[in-house]
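First comes the structure, then the notes that go with it.
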Number of protein chains: 2
Amino acid sequence: MARLPVYLRALTALVDQGISTCSSNDLAAAAGVNPAKLRKDLSYLGSYGTRGVGYDVEYLRYQIARELGQTQDWDVVIVGVGHLGSALSAYRGFSTRGIRIAALVDSDPERIGTEVAGVTVAPMADLESIVREHGIAIAVIATPGEAAQGVADALVSAGVTSILNFAPAIVTVPEGVAVRKVDLSIELQILAYHEQRRSAEAPGGGAGPWAADGEVSL
Amino acid sequence: MARLPVYLRALTALVDQGISTCSSNDLAAAAGVNPAKLRKDLSYLGSYGTRGVGYDVEYLRYQIARELGQTQDWDVVIVGVGHLGSALSAYRGFSTRGIRIAALVDSDPERIGTEVAGVTVAPMADLESIVREHGIAIAVIATPGEAAQGVADALVSAGVTSILNFAPAIVTVPEGVAVRKVDLSIELQILAYHEQRRSAEAPGGGAGPWAADGEVSL
DNA sequence: AGGATTTTGTTCTCACGTTCACAAGCTCTT
DNA sequence: AAGAGCTTGTGAACGTGAGAACAAAATCCT
Ligand SMILES: NC(=O)c1ccc[n+]([C@@H]2O[C@H](COP(=O)([O-])OP(=O)(O)OC[C@H]3O[C@@H](n4cnc5c(N)ncnc54)[C@H](O)[C@@H]3O)[C@@H](O)[C@H]2O)c1
Ligand SMILES: NC(=O)c1ccc[n+]([C@@H]2O[C@H](COP(=O)([O-])OP(=O)(O)OC[C@H]3O[C@@H](n4cnc5c(N)ncnc54)[C@H](O)[C@@H]3O)[C@@H](O)[C@H]2O)c1
């Protein structure tokens, strides 16, 4: 499930606080979810808790990390070293989560050869050899939207099987390749929609038919 | 719904191609969703289509933009002008989606007073007056995780009612304040989990209990 | 003009995820 | 050692969202 990384982060925070055991209530509060949901999620991994006591923080942390594949580091290539790509390259939080930015690729001759966060930007032509040499399975697309599909095709043909796409474009890939999309504009648009509702509802009784998903307040 | 911005983007792309009318099938394909789902979504807005013909692209685009509150521009403040905050500030795609980065705020004396993407970075102390003067309702948190809750409190007390949080921390806010969280690490972790499954499943028949959400392939 | 055709709007069904509630099980106290 | 008190794991209800299927309506062709 997509919630496991959240639990993992909460557990790591507990470890840092020197807490060695915790109940599902505590952990659920730290992760911001319903305790029952958390217990059900964890039960899919196996029975790692002790009734009457709770969960051993360190042990559970390891189990989730193993399930997530974080016992090893995953090498990742970022394609498109612009504003966003550079910010991602510089981010130190990835390394503690089993993610290593192993390579940067761009098509801009100006940018190729420059060093960003200790990694030299390579040309698109090197993509296949980079993927092969590092054994890269995961890639990030941070190019403009128009280039996204072409980059995705190149990545797939180079052997990448998981793609995180930041470009505002829908990329289609062969079956078996995983694609996740993050669209930062849309996140803000959803908030704007919220505000729009708010101000539209306040005066008249103009009831609207639906609610935007996501968490509102707590 | 959270899909409206996707439809809006697809419609804008159609406008750019000079297409003036389209069926739900066309639009659904462009937006990457099921045609029935799209029609159901649009029907909540009202009956803007014509049976036997389809939807008038320009008219529908306006209706969705109105529903999303994009007939006006929303002023946004970004708190934390580090790598990520700077990248967001520099992004030009927001302006075409009704989002305007009106102000930047940081706590680092080194950063205060510098200009990023044409906007001068202000100190935290100015937050309240900035929010008041611009009539800001939406804010972005791009500070380290430890600072996130404090920043959120300051934002709420300044009058902000919608927050987009990039920090890996769960912020709690009073009822009525909308919070959305974007966690880029988690996105990559989910892909790593996918790869983990893939490599674990390939050899043995080690069936796993669940599937990670999100789109895999198409 | 009338039927064929296309496409929307809607209803119905189904499956999934969430949540409540409770039994099973562990520990600590008496 | 036995019961009291927690806490997990899970079975069952609930609500929500997705997809298929169909009826209503508008255009086009003959
Ligand atoms: N804050 C942000 O920066 C932000 C916010 C929302 C969405 N996005 C999206 O993220 C993507 C990147 O944004 P950005 O601000 O970093 O853009 P940018 O223009 O700063 O960087 C894009 C980079 O991609 C490279 N590039 C272009 N075509 C390429 C190709 N065919 N192959 C390889 N590299 C190529 C360019 O040389 C450039 O370095 C865009 O799609 C944008 O819409 C960015
Ligand atoms: N690619 C990325 O940069 C990336 C990826 C994933 C997550 N994140 C998250 O996004 C957030 C920002 O990342 P970043 O790389 O830009 O970090 P950064 O260190 O480059 O920037 C953080 C900024 O916040 C400011 N700040 C710190 N405390 C503050 C406070 N109390 N009030 C106001 N401003 C304060 C700092 O002065 C700095 O300018 C972090 O929480 C990080 O975990 C970033």
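Values below: every heavy atom of this structure, side chains too, minus hydrogens, waters and symmetry copies. So you know, we letter chains A, B, ... as the sequences are listed, proteins then strands, and number each from 1.
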Using the side chain to side chain donor-acceptor pair (under 3.5 Å) criterion, which residues pair with A:R97? Sequence neighbours excluded.
none
Length of the [atom1]-[atom2] vector between [X] and [N], whole Å:
X     : N      : atom1 : atom2 : answer
A:L42 : D:dT7  : CG    : P     : 16 Å
B:Y7  : C:dT8  : OH    : P     : 13 Å
B:L38 : D:dA18 : CG    : P     : 12 Å
A:D41 : D:dT10 : CG    : P     : 13 Å
B:Y44 : C:dT10 : OH    : C1'   : 10 Å
B:Y48 : C:dT10 : OH    : P     : 13 Å

Should A:V77 and A:V140 count as side-chain neighbours, where that means a heavy-atom distance under 4.5 Å?
no
Using a 3.5 Å distance criterion without hydrogens, assess whether the side chain of [X] forms a donor-acceptor pair with backbone atoms of [Y].
X      : Y      : value
B:S23  : B:D26  : yes
B:Q149 : B:T172 : yes
B:D56  : B:T21  : no
A:R39  : A:N34  : no

Nearest of C:dA21, D:dA18, C:dT8 to any side-chain atom of B:Y55?
C:dT8
B:E67 with A:R197: basic N within carboxylate O range, under 4.0 Å:
yes
Pair A:R100 + A:D75: basic N to acidic O under 4.0 Å:
yes
Give a yes/no on whether any side-chain N or O of [X] is located under 4.0 angstrom from OP1 or OP2 of [N].
X     : N      : value
B:R39 : D:dA18 : no
B:S24 : C:dT8  : yes
B:N34 : D:dA20 : yes
A:N25 : D:dC6  : no

Evaluate A:Y62 against A:Y59 for ring-ring contact (aromatic ring centres under 6.0 Å, His included), listing each step before the verdict.
CA-CA 5 Å; A:Y62 171 75; A:Y59 180 57; 7.5 Å; no
Find every protein N or O atom lying less than 3.5 Å from an N or O atom of nucleotides 11-13 of chain D, and list the pairs.
residue	atom	partner	partner atom	Å
D:dG11	O6	A:K40	NZ	3.4
D:dA12	N6	A:K40	NZ	3.1

On DNA chain C, compare the nucleotides closest to B:C22 and A:K37; which residue's is nearer the 5' end?
B:C22
Close N/O contacts between protein and nucleotides 25-30 of chain D (under 3.5 Å):
residue	atom	partner	partner atom	Å
D:dA26	O4'	B:R51	O	3.3

